[in-house]
**Q** 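Next up is a structure, given as C-alpha cells.
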Amino acid sequence: PSWASAPTRKAWPRSRRAAQQAMPRTRPPLFNARKTHANRGNMTSLTLARPDDWHLHLRDGAMLRAVLPWTARDFARAIIMPNLMPPVVTGAQAAAYRDRIRAALPEGATFEPLMTLYLTEDTDPDDVAAAHASGLVKAIKLYPAGATTNSASGVTDFDAVRPTLERMAEIGLPLCVHGEVTDPDIDIFDREAVFIDRVLDPIRRATPGLRVVMEHITTSDAVDYARAQDDTLGATITTHHLVINRNHILAGGIKPHYYCLPVAKRETHRLALRNAATSGEARFFLGTDSAPHTDANKLLPCGCAGCFTAPNTLPILAQVFEEDGALDRLEAFTSRNGPAFYRLPVNTDTVTLTKGTPDLPTHIDTDEGPVTVFNPGFALHWRVT
Ligand code: NCD
Ligand code: ZN
C-alpha cells in the first residue's frame, strides 16, 4: 500500500497524553526562576564547545565552493543532506561527494562532513550496512516522494524500504525523516502533524529499535510527539523556525526568502519550538537546514524553498536564547545533544561569541548568482570572534 497517502488515521493516544503531561501549558518563568550568570542578560562573552549542524544542504560545484566556508567557519561537523541532482544514493556516490566537499574546503579548515544516503525503493541494505561499517555514512535520509526540493526519487511504498529500515535498526544507523505527507488533499500547514500519525508512528512501531531524527520540526504536534518518545527519537530544529512564523512569509507582501519546507506555521507553533530548543532536553538539537538557492531561483513565479542561514545562525541563536533567558542551554542545543544522539564525541575545540555587531553580508556571491542570507528581522548583537 502507498504509505504516503494511506487513508487510515492511526492515533497515538498514549503518547499524546504523556506529551500533554510533559509539556507545560505555559512557558516556565525562566527569567525569574533561573538567576544563573548566563541568564542575567549582562553577559558579554560566551564560549561553547564548537557547534555541529545536524542538517545542512551544501549542494555541489560553484554553490558548494561558495557556501561551505561559512559553515566551516563556525561548525566542526555537519550532517550533509543527499538531495543533489541526481541524489546521493549509494555508498560510492557518498564517498565521491565527501571528496568533493573536502576539496572545496578553505585552506586550513578542519570541518568534517558527515555523509548521508538518500533512501529510495531500490536502496540495497547491504550497501547501506557497508557504508555505515566503513564509517562513511552516519544516517539515511527519508524523503516522501515529492515532499520537497529534489525529492522525486523518494519513497512512496513503505514496504519496499522495510528491509533497509530493519537492517538500520540492527546496526544502529539513524533514519533522518522529512516529516510531511504529500497527499494533495492535506492542507500544507497540516502535513507534518498528519505525517506523524500516518507514517512516522507506524514506521517506528513496525521497526522496534530504529533510531529516528524528526528533521526540521515546525509544529507543537511534533514537539509533543518527540517529548513522549524514548531516546531512539531525536528532533532537529532550524534557526529560522525559531524566528519566523507564517506572517513573515505572507503578511504585507509575499517574502520568498522566508519560504522554506516545511513551511513556517502560526505563532503558537514557533513558541513551542522555542520552548523545545531552549529547554536543554537531549532530544532536541540544531539542524539549520541552511538551504541555499540563488535569488534568481527564489524570486520566481514558482520559487524554490529554503533559507540560507549558515553565515548568521550562531549570532541569531545566541540572541534567541538570551531573549528566552536560556543562554546557559545554548551549548546543549548547538554542541552537546546532537553528538550524544549520533554517538559521537563532543568537539574539544570551542567558539566564542562576544557582544557586538557582527560583520555579516546580506548576500553572498556565487558563480551561479547571488544568494540572500536569511534576515532575522532584528539587529544582531552577538558575533563569533
Ligand atoms: C531544502 C532544499 O532546498 O534542499 N529546502 C528547504 O526548504 N528546506 C529541502 C528540504 O530540506 O526540505
Ligand atoms: Zn533540508
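As a basis for the values below, the full set of heavy atoms in this structure was taken, side chains included, without hydrogen atoms, waters or symmetry mates.
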**Q** Without swapping roles, check the side chain of Gln319 against the backbone of Ala379 for a donor-acceptor pair under 3.5 Å.
**A** yes
**Q** Can you tell me if Asn337 uses its side chain to pair, donor with acceptor, with the backbone of Phe284 under 3.5 Å?
**A**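 Side chain of Asn337 to backbone of Phe284, a donor-acceptor pair under 3.5 Å: yes, one is there.
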**Q** How many angstroms lie between CD1 in Ile364 and CH2 in Trp70, if you round to the nearest 0.5 Å?
**A**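 Taking CD1 in Ile364 and CH2 in Trp70, the distance rounds to 7.5 Å.
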**Q** Run the salt bridge (charged side-chain N to carboxylate O under 4.0 Å, His left out) test on Arg167 and Asp126 for me, step by step, so that the C-alpha distance in whole Å, both residues' side-chain angles and the decisive distance to 0.1 Å come before the verdict.
**A** CA-CA 8 Å; Arg167 182 73 77 86; Asp126 291 335; 2.5 Å; yes
**Q** Is Arg162 atom CZ crowded by more than 12 heavy atoms from other residues, nucleotides or ligands, each under 6.0 Å away?
**A** yes
**Q** Answer yes or no: is there an ion pair linking Asp201 with Arg205, defined by an N-O contact shorter than 4.0 Å?
**A** yes
**Q** What pair of heavy atoms forms the shortest contact from Gly154 to Glu121, and how long is it?
**A**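 Smallest interatomic distance, heavy atoms only, reads O-OE2, 4.4 Å.
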**Q** Would you call Arg77 and Glu112 a salt bridge, using N to O less than 4.0 angstrom?
**A**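 Salt bridge between Arg77 and Glu112, a charged N being under 4.0 Å from a carboxylate O: no.
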**Q** Should the pair Glu322-Lys355 be classified as a salt bridge under the 4.0 Å nitrogen-to-oxygen rule?
**A**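 Answer for the salt bridge query: yes.
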**Q** Given His363 and Asp295, is the side chain to side chain donor-acceptor pair (under 3.5 Å) satisfied, shown in steps?
**A** CA-CA 9 Å; His363 70 272; Asp295 289 352; over 6 Å; no
**Q** For Thr288, does its backbone N or O pair with a side-chain atom of Thr238 as donor and acceptor, under 3.5 Å?
**A**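 It does not hold such a pair.
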**Q** Tell me whether the guanidinium CZ or amine NZ of Arg283 lies under 6.0 angstrom from the six-membered ring centre of Phe341 and within 45° of its axis.
**A** no
**Q** Treating Arg73 as the side-chain partner and Pro311 as the backbone partner, does any N or O pair qualify as donor plus acceptor under 3.5 Å?
**A**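 Flag set: sc Arg73 to bb Pro311 pair under 3.5 Å.
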**Q** Should His216 and His178 be marked as a ring pair (Phe, Tyr, Trp, His ring centres under 6.0 Å) after you check the CA-CA gap, both sets of side-chain angles, and the distance that decides it?
**A** CA-CA 8 Å; His216 42 49; His178 182 111; 4.7 Å; yes
**Q** Can you name the closest pair of heavy atoms from Phe333 and Phe285 and give their distance?
**A**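 Scanning both residues, the minimum pair turns out to be CE1-C, 3.4 Å.
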**Q** With hydrophobic residues grouped by side-chain heavy-atom distances under 4.5 Å, do Val346 and Leu46 end up in a single group?
**A** no
**Q** Do you know the tightest heavy-atom contact between Ile80 and Thr116?
**A** O-OG1, 2.6 Å
**Q** Given Val212, which of Leu165, Thr207, Leu200, Ile203 fulfils the side-chain contact (heavy atoms from CB on, under 4.5 Å) condition?
**A**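 Running side-chain contact (heavy atoms from CB on, under 4.5 Å) over Leu165, Thr207, Leu200, Ile203 with Val212 returns exactly one hit, Leu200.
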**Q** Determine whether Arg198 and Asp183 satisfy the following criterion, salt bridge (charged side-chain N to carboxylate O under 4.0 Å, His left out), listing intermediate values before the conclusion.
**A** CA-CA 11 Å; Arg198 284 193 189 173; Asp183 183 339; 3.4 Å; yes
**Q** Which heavy atom of Ile217 sits nearest a heavy atom of Leu273, and at what distance?
**A** O-CD2, 3.4 Å
**Q** Begin from the C-alpha positions of Asp324 and Arg274 and carry the test salt bridge (charged side-chain N to carboxylate O under 4.0 Å, His left out) through to its verdict.
**A** CA-CA 8 Å; Asp324 287 6; Arg274 285 205 34 162; 2.9 Å; yes
**Q** Give the ring-plane orientation class for Tyr258 versus Phe374, where under 30° counts as parallel, over 60° as perpendicular and anything between as tilted.
**A**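 Perpendicular, since the angle between the ring planes exceeds 60°.
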**Q** Taking Pro292's backbone N and O only, do any of them form a donor-acceptor pair with Arg59's side chain (distance below 3.5 Å, no angle check)?
**A**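 Here the side-chain-to-backbone pair exists.
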